[in-house]
Structure formats: structure tokens, C-alpha cells
S.K.: 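One structure, as C-alpha cells, below. Some questions next.
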Protein chains: 2
Amino acid sequence: MDSNCHHHSFGSHKACIQLVPIFNHLEDEEMDDIMHTIQSISFEKGNVIYRAAEKSDTLYIVNKGRVRIYRLAESGKEQLVRILEPGDFTGEMALFSPENTKHESYAEAMVNTKICMIKRSDLQEYLLKYPSISLKILNVLSQRLEQSEKQTTRFATEKVETRIALFLAECLDPEKDTLEFTLPMTKKDLASYLGTTPETISRKLSELEEEKLIKQKPQKKIQILDLDRLLMV
Amino acid sequence: MDSNCHHHSFGSHKACIQLVPIFNHLEDEEMDDIMHTIQSISFEKGNVIYRAAEKSDTLYIVNKGRVRIYRLAESGKEQLVRILEPGDFTGEMALFSPENTKHESYAEAMVNTKICMIKRSDLQEYLLKYPSISLKILNVLSQRLEQSEKQTTRFATEKVETRIALFLAECLDPEKDTLEFTLPMTKKDLASYLGTTPETISRKLSELEEEKLIKQKPQKKIQILDLDRLLMV
DNA sequence: ATTAAAACTTGATTCTAATCAAGTTTTAGA
DNA sequence: TCTAAAACTTGATTAGAATCAAGTTTTAAT
């Protein structure tokens, strides 16, 4: 891995550990322990973090920035699987499988991004030393599995309009009581994520707007006008 | 083994533990430890093991039989998520999440089935006591996640015919060198699993047969005639 | 501020697969 | 073994969404 442009600052390593839910419940000394084996690398916008078929033996934790995880289907079509925000991690597949696994997806920095990396061997050691880390990771993985299966079911059973409506509803921050939000990605990416085309996204959003269920505003902002009816689409 | 035992299925508890990959790597004494907290229940064909929205605080391990895991979409349509064989487990979602989670799917015995159950609290204890169990579960979960994301990508990007062809190819046992296998489910279930209808399955299989890529035989047997071309569909 | 590239929109057309319908075959249970 | 139910097949029609095409708007880099 090219290390010409990254800075080793303990500060940011510690920040990284303290940031992520899978580590931040540990005692200070335990975090210090882990901190020393972490590498931090910066990626510029558009850079590839890893590719499918490359050997995978590292856990990647996003410290700063955003990362696009996508797959190529047998047909060559690309699908956006998810977007990682600070605190999210990827690379687990390989890590917890017996040796020599390959990546099945691609990871690409959407903006300038800082990643913390833990080597497979180091992580395995920590998992045995601090079993509570495993519980955290099990929690995250089981929720991701849950999420992924729900997504599969939607692809299998709902039409595009419904998938879009459900996606919009889930963009709402349950903390806030506002019905307005900013789309977290371009409509092209959204199409890829929802298994459709940009043209269809464009058309369906216009239809939803005509039916007075939503309002599209400048800069990817969307306001939901009638959540109940939107969920019945 | 001990057929006169008062604990009616003591023997089968041990069998259950020894059967499953997540436990069978433990020492004998460790297995004995776990064995005592396991409950074993039999379900007749068609019986529901759990329903969506029910409280979930148990890990279910299939000891004997087959279990259908399916979901209901927002639209009410049913989708077959997977089929559990002896040694497989389910219920993990709730187990590794903070308290009071509900099932999101349905589990139903496809034939007479024996299930071993471990309570959430007991399992949490074992995970901290025997950290290697966590590693095994992480391994299984990460592979299931991988599998689920691959399936999602296929729904998002491939047409039905391709999904069917890929499914058939994956039915081949890589151990054996035969190109013949038995469909593991009815075509109705297969349609549900692949997000299509029984009519379409029927038609596409006939088309594949006309193109001399496969041969349908009695009793759900299928022979693949040209694997390479099948994978290019 | 300028401008090229990327993102997005809208229309016309085509294609895939769902639905509806009416059979036939297979399976499981009495 | 018989029978009813379930599974499956095939055909006709329809609907949903992809594709192709040609524009417009937005974004980001210089």
C-alpha cells in the first residue's frame, strides 16, 4: 500500500478508536493498546480503497469522509451497496473467514477521506483478548444482515415506485421532527442503489410530486408532504 | 444413547452441539457446559417456529429437518429468504442487538423438525466465556451477509433468466463431478426465492431446455448440459 | 467567471415479466 | 389405491420499467 502521503499522528488514531462504536466502549488502556497497531491513510476523492478480487486482510474504519461500496454483477452492471460514514467499517467478510479471502466489492472515496486500518492478525488477537468487541461487531453485522435481507425482499416483491417511497421515508431523521431532508447521494447513485435507472427515478419523483406527496427543492432537498400516503404507494 | 434418561432428549442435546460448526470446535467439557442450558423442541411439518413481530430472545439451531425462513414485504407479498438445514441457525438478529428486538421474518418447519434452542442470556455468557464461539459466529454471519448482498445485487441488475441460470449453477455440488442435482424446493418456492412467479420459472426452464442448456427430469431432477453457456445467459 | 463535464429531465419505443385464465400433472393423505 | 389438493404448464394479454435519444440544468475545475 502506498504510504507516501499519509501522516502518522497518534491523535487521529485515538480519535478513530474513540469514534467507532465497536471500540469506544473499551477502557482507556485497552484503547491505547489497540491504537498502536492501527494505520491511518488518507484517500483523495475518487481514489479506490480496494477492488473486488484483491486479497482482503484488513478491517477498514472510516475516520473522516464518505466511502462508496459497490459491486459489479455477473452482467457487468454496477450496484451501489451502501455508503460508509465516519464510524462505519468494511472488510469484515474477509476478516472473519478462514484465510485468503478476496474482496467481492469495490470501495471508493467519495470525498477526501481518512481511513483507519487494522490488520487481520491484530484484530483476531483483540477479539480473543477483549470479547466484548466481538459482541459489538456481531451486533453491527447482524443489523447489516437484517438490512440487506430487507432490501432483497423489497427488490423481490415491490415495484420501483414503492422502493423509492420507502427509501424517502427512511431518509427522515427520526430524531428531528422535520419532514425535509437532503438526498444523501446523486440520483444516478440512488438509481443504482434501488436497482433502477436515473430516468425512472426522475419520472417517479415527478409523479410523486404531482400527487402532492413530496416536494423537490433545489440542491437535492426533498420535503415530504404526506408521509402516510407516501407509505401506501 | 441414554434412552432411559429422565431428561428426555439429553442425548440429542449433545448431538446438536456436536453437529453445529459454531460449537463443535470446543473441548468436550465446554460442550458439556453448554449442553445443560439447551432446550430441544420438535415441530411437525407446517408448524410455525416463530413469526415476525414476536419477541426474539433465542438462538434456534436446526438439529433435524428443514426450516423455511420467509418475509412479508410491505405489500404483503411473501419472499423466501433461505432454507435452514441441520447445523444451520437463526435468530441471531435479536440475540446480538440490544434487548427487546422483534423477529422480522417467519420460520416454519418444512418437514418434521427438531430444533435446539439457547436463550439469549445464556449465549451472551458463553460468548464472553469462550471467545472462539464469537469468531465462528462472526464467520457465519459475514458469509451470510456476503451472500445476501450478492443476492441483492442480482435482483438489482440481472434479469430473471440470468438469476435462474446462476441459481441452477450454484445447486451443483462442487465436491461431486456430476452435473445433475435435485431442486432443493418446489418451483413455487423457487419463484419466491428468486423474486419471480411460478409461471415464469416454468417458462424459463423450458426455454433453457429448448436451448439444450439443461434437461428437466422427473422428481425435480435437473441435469446441466452446458454449464459454460448456461452461465452466459 | 467561464466552461466542460456530469447530472438530470422528458419523450417515444421496446421488451421483460406479471397477471389472468384454464388446463394437466404430481403429491400426499385417507 | 384412490382422491383431493397442490403444484405445475401453457397461452393471451397487460403493465411496468428499460432503453434510446435529445435536450436542459447543475456542478466543479480552471
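For clarity, every value in this text was computed on a predicted model and none was experimentally measured. Only heavy atoms go into these numbers, but all of them, side chains included; no hydrogens, no water, no symmetry mates. In what follows, every chain begins at residue 1, and chains take the letters A, B, ... in the order their sequences are listed.
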S.K.: Let's see if you can work this out: which of D:dT9, D:dT19, C:dC20 has an atom nearest to the side-chain heavy atoms of A:T197?
M.R.: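 Of all the options, the side chain of A:T197 is nearest to D:dT19.
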S.K.: Return the value, rounded to whole Å, for the distance between atom CG of B:L183 and atom P of C:dT27.
M.R.: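 About 12 Å, once rounded to whole Å.
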S.K.: Check whether any side-chain nitrogen or oxygen of B:S202 sits under 4.0 Å from OP1 or OP2 of D:dT10, and answer yes or no.
M.R.: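 Checking D:dT10 against B:S202, no side-chain N or O comes under 4.0 Å of OP1 or OP2.
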S.K.: Between B:K187 and A:K204, who's closer to the 5' end of DNA chain D by nearest nucleotide?
M.R.: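 Final value for this comparison: B:K187.
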S.K.: Give the nucleotide from the list D:dT19, C:dA7, D:dT9 with an atom nearest to the side chain of B:E199.
M.R.: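 Closest nucleotide among those given: D:dT9.
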S.K.: Of all of residues 150-165 of chain B, which get a heavy atom below 4.0 angstrom from DNA chain C, listed by number?
M.R.: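 Close to the strand are B:K159, B:V160.
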S.K.: Using whole Å, report how far CZ of A:R203 lies from C1' of D:dA21.
M.R.: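 Between C1' of D:dA21 and CZ of A:R203: 11 Å.
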S.K.: Between A:S75 and B:E158, do the side chains contain an N or O donor and an N or O acceptor separated by less than 3.5 Å?
M.R.: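 Short answer, yes.
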S.K.: Could you please name the option among C:dT19, D:dA18, D:dT10 that lies closest to any side-chain atom of A:T196?
M.R.: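 The answer is D:dA18.
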S.K.: Could you tell me the separation between the CG atom of B:L205 and the P atom of D:dT9, rounded to a whole number of Å?
M.R.: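 Between P of D:dT9 and CG of B:L205: 7 Å.
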S.K.: Whole-Å distance between C:dA6 P and A:D189 CG?
M.R.: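 In whole Å, C:dA6 P and A:D189 CG are 14 Å from each other.
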S.K.: Do A:E54 side-chain atoms and A:H103 backbone N/O form a donor-acceptor pair below 3.5 Å?
M.R.: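 Between the backbone of A:H103 and the side chain of A:E54 there is no qualifying donor-acceptor contact (under 3.5 Å).
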S.K.: Could you please name the option among D:dT9, D:dA7, C:dA17 that lies closest to any side-chain atom of B:T186?
M.R.: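 The closest nucleotide is D:dA7.
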S.K.: Between C:dC8, D:dA29, D:dT19, spot the one nearest the side chain of A:K45, thanks.
M.R.: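 Nearest to the side-chain atoms of A:K45, counting from C-beta on, is D:dA29.
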S.K.: Rounded to the Å, how far apart are B:K221 NZ and C:dT26 C1'?
M.R.: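 Between C1' of C:dT26 and NZ of B:K221: 15 Å.
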S.K.: Keeping the roles fixed (side chain from A:S206, backbone from A:S202), state whether a donor-acceptor pair exists under 3.5 Å.
M.R.: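 Here the side-chain-to-backbone pair exists.
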S.K.: Are side-chain N/O atoms of B:T152 and A:T152 paired as donor and acceptor at under 3.5 Å?
M.R.: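 Yes, side-chain donor-acceptor contact under 3.5 Å.
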S.K.: Nearest to the side chain of A:T200, which nucleotide is it out of D:dC8, D:dA17, C:dT19?
M.R.: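 The nucleotide sitting nearest to the side chain is D:dA17.
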S.K.: Roughly, in whole Å, what's the span from CD in A:E207 to P in C:dG11?
M.R.: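 Interatomic distance, CD of A:E207 to P of C:dG11: 12 Å.
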S.K.: Without decimals, in angstroms, what is the distance between B:L190 CG and D:dC8 P?
M.R.: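 Roughly 9 Å, once rounded to whole Å.
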S.K.: If you look at every heavy atom in B:D88 and B:I83, which pair is closest and at what distance?
M.R.: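 The pair with the smallest heavy-atom distance is OD2-O, 4.1 Å.
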S.K.: Within this structure, what is the NZ-to-P distance between A:K188 and D:dT27, rounded to whole angstrom?
M.R.: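 Taking atom P of D:dT27 as the reference, NZ of A:K188 is at 16 Å.
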S.K.: Looking at every non-hydrogen atom in both residues, tell me the closest pair between B:V48 and B:Y50 and how far apart they are.
M.R.: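 Distance-wise, the nearest heavy atoms are CG1-O, 3.3 Å.
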S.K.: Given the rule in the side-chain contact (heavy atoms from CB on, under 4.5 Å) test, do A:S148 and B:L145 qualify, once you have shown the distances and angles that lead to the verdict?
M.R.: CA-CA 7 Å; A:S148 176; B:L145 180 58; 4.1 Å; yes
